[in-house]
Asks: 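So that we are looking at the same thing, I have put the structure below in structure tokens.
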Amino acid sequence: MTARFDQGPWAAAGVQTVQPGVHRVPLPLPNDGLHAVNVYLLEDLADDGGIVMIDGGWAIPEARKALEEALAAIDRDLADISHILVTHIHRDHYTHAVELRRLLGSRVYLGAGERPGLEMLDRLRSDLPAGSLETLRRGGAGELADRIAAMDHGGYDPSVWEAPDHWLAAETLRFGERELHVVPTPGHTKGHVVFLDEQRGLLFSGDHVLPHITPSIGFELAEPGGRPLADYLDSLRLMNRYADARLLPAHGPVSDSAHTRVAELLAHHDDRLAKSLTALGEDTLDAHAVARKLGWTRRAVPFSELSAFNQMLAVNETAAHLDVLVLRGWATVAFVGGVNQYTRVR
């Protein structure tokens, strides 16, 4: 896929005009392998002449500074941000939006499927991914779950986890003469949404469709459960029901065709399902054991060489793939001693 303009390194600081009135701004992330998160500034939507921002970034001073500098480059300032539409609850998308609301009075929007996760954070008073840790334990990786839970996660700050002003469902947001369609896309999280501007052929895809990497599946703050990969695959196929659009992702450069990348992601997961089935072999194994047999990232890094956090993502994604194998009748699962044990159907 090629972009229609020279983007350079996608995470480099600055502002990039995708088309008149639509700007991409990468905001830095702290010690994060993703390098940056894209937020998008839409100048021609808000009735009051303000800016609609898609995704908020991580609430760190460096993100605020980068946003202020980008706004100044288009002769705007923070006070112009009237609405912040957030694709999902992860801290690199949500927490800065809440902080900006406190500073500016902006209205924050978030998918309704994220409500249980936000409520769990408030009950636990911790921003540990409780749901993902429980999935780890059910996947046979209890020791890894305990190790991650014992790490220093920087402390819980309730001020950046406040509820949004509006919970989004499948709906159309109208700003003056323009519309943004809210499309629920569960999978990466239960409440992930994308924003589709059909008039201009733009898809603000959050982490649902990323141009260079595959998003983690089911990295949840809320209770585990459901079928995150099956939901994700359904959400990918849903994108093909709409006319193709330019892909404006949360991580990576803008590209010309969302449909092209959707096809690549579907093929990738078909390949991972096949590899998971092969790794299961003739044994009865838990997700942790299967994950240790697979390569990770495009470089097929061994499981043992991943960081503890990425090992958590790997085990949870393996569990999600094994659950799809069960749904398709290619494997069976039995819950034994608090752990899901999978067996290939012979």
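When a residue number appears, it is its place in the shown sequence, counting from 1.
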Asks: Under a plain distance cut-off of 3.5 Å, with no hydrogens placed, do Ser106 and Ser82 share a side-chain donor-acceptor pair?
Replies: no

Asks: Assign the ring pair His83 / Tyr109 to parallel, tilted or perpendicular, where the plane angle (0 to 90°) is split at 30° and 60°.
Replies: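 Tilted: the ring planes of His83 and Tyr109 meet at 30° to 60°.
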
Asks: Report yes or no: is the cationic atom of Arg272 (NZ for Lys, CZ for Arg) closer than 6.0 Å to the six-membered ring centre of Trp296, at no more than 45° off its axis?
Replies: yes

Asks: Do side-chain atoms of Arg24 reach the backbone of Val39 as a donor and acceptor pair under 3.5 angstrom?
Replies: no

Asks: So which atom in Leu266 and which in Leu233 form the shortest heavy-atom distance, rounded to 0.1 Å?
Replies: CD2-CD2, 4.0 Å

Asks: Any side-chain donor-acceptor pair under 3.5 Å between His251 and Asp207?
Replies: yes

Asks: Between Arg261 and Glu264, is the closest basic N to carboxylate O distance under 4.0 Å?
Replies: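 Salt bridge: yes.
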
Asks: Which atoms form the tightest heavy-atom contact between Ala258 and Asp244, and what is the distance?
Replies: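 That would be N-OD1, 3.1 Å.
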
Asks: With a 4.0 Å cut-off on N to O distance, would you call Asp165 and Arg101 a salt bridge?
Replies: yes

Asks: Could you tell me whether Arg125 atom CZ has more than 12 heavy atoms of other residues or ligands within 6.0 Å of it?
Replies: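 Result for CZ/Arg125: enclosed.
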
Asks: Any side-chain donor paired with an acceptor under 3.5 Å for His181 and Thr172?
Replies: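 Per modelled atom types, His181 and Thr172 side chains form a pair under 3.5 Å.
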
Asks: Is there a donor-acceptor contact under 3.5 Å from the side chain of Asn316 to the main chain of Ile217?
Replies: no

Asks: Under 4.0 Å between a Lys/Arg side-chain N and an Asp/Glu carboxylate O for Arg64 and Glu99?
Replies: yes

Asks: I'd like to check Leu110 versus Trp167 (side-chain heavy atoms, cut-off strictly below 4.5 Å). Are they in contact?
Replies: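 Heavy-atom side-chain distance check passes, below 4.5 Å.
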
Asks: Would you say Tyr342's side chain and Val290's backbone share a donor-acceptor pair under 3.5 angstrom?
Replies: no

Asks: Shared ILVMFWY cluster between Leu322 and Val345, side chains joined below 4.5 angstrom?
Replies: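 No, because Leu322 and Val345 fall into different hydrophobic clusters, even though each may have its own neighbours under 4.5 Å.
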
Asks: Contact between Leu27 and Asp55 at the side-chain level, heavy atoms closer than 4.5 Å - yes or no?
Replies: no

Asks: Going hydrophobic residue to hydrophobic residue with side-chain gaps under 4.5 angstrom, can you get from Leu277 over to Leu327?
Replies: no

Asks: Taking all heavy atoms of Lys190 and all of Pro186, pick out the closest pair and write down the distance.
Replies: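 Closest approach of Lys190 to Pro186, heavy atoms only: O-CB, 3.4 Å.
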
Asks: For residues Pro215 and Leu210, report the shortest heavy-atom separation together with the two atoms involved.
Replies: CB-CD1, 4.2 Å

Asks: For Arg227, is there an ion pair with Asp234 - N to carboxylate O distance below 4.0 angstrom?
Replies: yes

Asks: Less than 3.5 Å apart, any donor N or O on the side chain of His288 or Arg292 sitting next to an acceptor on the other?
Replies: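 The criterion, which ignores hydrogens and geometry beyond distance, is satisfied for Arg292 and His288.
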
Asks: Going by an N to O cut-off under 4.0 Å, is there a salt bridge joining Arg344 and Asp283?
Replies: no

Asks: If you take the centroid of each ring, where Trp contributes its six-membered ring, are His188 and His90 closer together than 6.0 Å?
Replies: yes

Asks: Name the one of Leu42, Ile81, Val86 that satisfies side chain to side chain contact (heavy atoms under 4.5 Å, CB included) with Met53?
Replies: Ile81

Asks: Between the side chains of Glu114 and His88, does any donor sit under 3.5 Å from an acceptor?
Replies: no

Asks: Treating Asn340 as the side-chain partner and Gly139 as the backbone partner, does any N or O pair qualify as donor plus acceptor under 3.5 Å?
Replies: no

Asks: Quick one: are the ring centres of His192 and Tyr232 less than 6.0 Å apart?
Replies: no

